Amino acid sequence: EGSCDSLRSSLHTTEGVLQFPSLTTRKKNGAYRRNGITENFSGFETDRQLKIKDLVLSAHERAVRNCPWTMGLWKSYLLALERHGADHQTVTDVFEKALNAGFIQATDYVEIWHSNLGYLRRRVDFSKEWSRELDELRAAFARSLDYLKQDVEERFSESGDLSCTIMQVWARIEALHCKNMQKARELWDSIMTKGNAKYANMWLEYYNLERSYGDAAHCRKALHRAVQCTSDYPEHVCDVLLNFERVEGSLEDWDAAVQKTETKLNRVNEQRARVAEKEALLSRQEEEKAEHRRKAKADKKAQKKSQKANRTGDKRKAEDEYEEEWGEDAELPSKRLRGEEGFGSTATEELMETESGLFGRRAPPSRKSEPPGFRKNQQGLSEAPRQPLDTSKEQRKDEDSVFVSNLAFNLEDPENKLRTFFQGCGTVQQVRPVFTVKGAFRGYCYVQFEDRLAVSEALKLDRQEVDGRPIYVSPCVDKNKNPDFKVFKYKTAVEKHKIFISGLPYSCTKETLEDLCKQHGTVKAIRLITNRSGKPKGLAYVEYENEAQASQAVLKMDGTMLENFTLSVAISNPPSRKMEDKAAARPTERGKGRTQISLLPRSLYRQSDPDAKAENGTVSAPHATVTDGVHGGPGTASLDTQTKSLSNEDFARMLLKK
């Protein structure tokens, strides 16, 4: 009765499992729901509880067919085939299918190889000195190593068996069952050459193998090599060597072991001390940097606070002096009317607001006559407010000036720095930095020279660095008067004597690129593309003497490597600046928008030409006629060559006609 209950329970479970694949066609969020079903199946281990071969193998076959990427199912399938006595060819075929299933990680292939190797080992009769099964087992071990090294490593960039567990199992089988310690030592030598010699646990595993199946000489040799190579736990390996010599070694062996372990530990302690000193130095440097940042932040905050206080004090002082001079009840200046010119014009006020260093203050109210002592009271104010007052529109000459942009917002004393920067081009008459209302530097300014020839020299300094940041120097042109003026100085068409290189390393310099490119011709110019902060983008333009040299450079350099970066080289053909699109987006000459809708009722408007276009309130005779509903009938109003405007009365009269 108990057996029947157990069979009934197993059948019930199997029935549930066999019904699961009917749900496998459903997909939710990109992952099949069959995953949870197969976990239930493999976790219950039906093949061990249920002894019905056909049901178990059928369930496994359907499971691996629906979830081929799950390594656990293939592993369970192989065990079920072996447990139910399947023939060797069937097991081999299933294993080959598992290798081609496409597992999602490299360790899955290691596990499936372990399952197959375990199956092949259980087929070998080790009581015989030689057998075909033993040769098949050794061939399978060799094939597994080649498969992991070639196929798996090529796909996952790793073999999945960093500790060489397959080789360890092979070495232990050779030592334990085949009594072939020479082969086991060769395998362990190969294991140590794969980067495992620095780990103490690997040496101790080899030592335990020699201790169990080898001799004392090879144990001593393994421990000495372990002391020399181990880097993670050298103290533990040294203790194992000393304990071994206490049991097995002579006095000379003991002395050699003590000397070797002491030398190793002293060297390890020195290395650790150097590492600790370096870490302490880095920690101190980080603390100093953090302290410096905190101090700089506090100083900047205090400076802003003092500047704010000074601004408030200057404002109050100016107001007090103004009231003392004019009197508290003095009449304020009259309001400036639109169209007034002169000193108090809107243009001058805007100029003082943007191009002055007045800590963000606006210009004083305009006055046609200055009161007595006005200039005297202005002596106490800073010199910065008076500088833009002396710069009138007559003194500003755009043809003698350049526009400098992309300057750092935190640039200290931009006027003096730019005056020094451009002094080699000619005599600098004035530098006009532009500030915000709050007194912050906007990052651009105007530089005016005394001689017009200095402008061309100044333009040559375009994209030179100021405080580690490239600046843009361009002609000073009023774009409101010249909307089509183009600042971009490089060509946007095909230049067959110039090549474009992308994929450059960010550390690449002009010298490095010149050494690389001059092998294919004479290099005339090199331009590295950077962003506004001066950091390289990995792009460059290289100009050769002729088209032949540029074509040769493209053929030779395209696809080459530079500092592990693959270069892409082509003939220069930069994209257009898309100025045409901006011009097309401008309004029409009459200021109308893109959509033109006729206000003429459709019942009164008949279009004879499909290309005709009617403007609001006008109709052209060759294109349209206005009728009373019947073309050419009584009351037809034909418009001749002249375009006639229609009033509201005309529309009403036409609508009322019947």
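One is the number of the first residue; the rest follow in order along the sequence. Everything numeric here is computed off the predicted structure, so don't read it as measured data.
- Side-chain N/O atoms of R225 and Y206 include no donor and acceptor closer than 3.5 Å.
- The salt bridge (charged side-chain N to carboxylate O under 4.0 Å, His left out) test with E174 singles out one residue from R138, K183, K179, and that residue is R138.
- Residues E111 and K75 are paired through a salt bridge, judged by an N-O separation under 4.0 Å between the basic side chain and the carboxylate.
- Residue V227 comes nearest to C238 through the heavy atom pair CG1-SG, 4.1 Å, listed as atom of the first residue, atom of the second, then distance.
- Checked against a 6.0 Å centroid threshold, the rings of H177 and Y213 do not count as neighbours.
- Residues E133 and K128 are not paired through a salt bridge, judged by the lack of any N-O separation under 4.0 Å between the basic side chain and the carboxylate.
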Stepwise, does the salt bridge (Lys or Arg N to Asp or Glu O under 4.0 Å) test hold for R122 with E82?
-> CA-CA 10 Å; R122 289 187 286 270; E82 183 182 2; 2.8 Å; yes

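- For the 3.5 Å distance criterion, the side chains of D161 and T165 qualify, holding a donor opposite an acceptor.
- Between R272 and E235 there is a salt bridge, since at least one side-chain N of the basic residue sits less than 4.0 Å from a carboxylate O of the acidic one.
- Side chains of D93 and Q89: a donor on one and an acceptor on the other come within 3.5 Å.
- Using a 4.0 Å cut-off between charged nitrogen and carboxylate oxygen, E61 and K97 do not count as a salt-bridge pair.
- There is a side-chain donor-acceptor pair under 3.5 Å between D215 and H218.
- Side-chain contact of R211 with N208: a donor-acceptor pair under 3.5 Å is absent, judged by distance alone.
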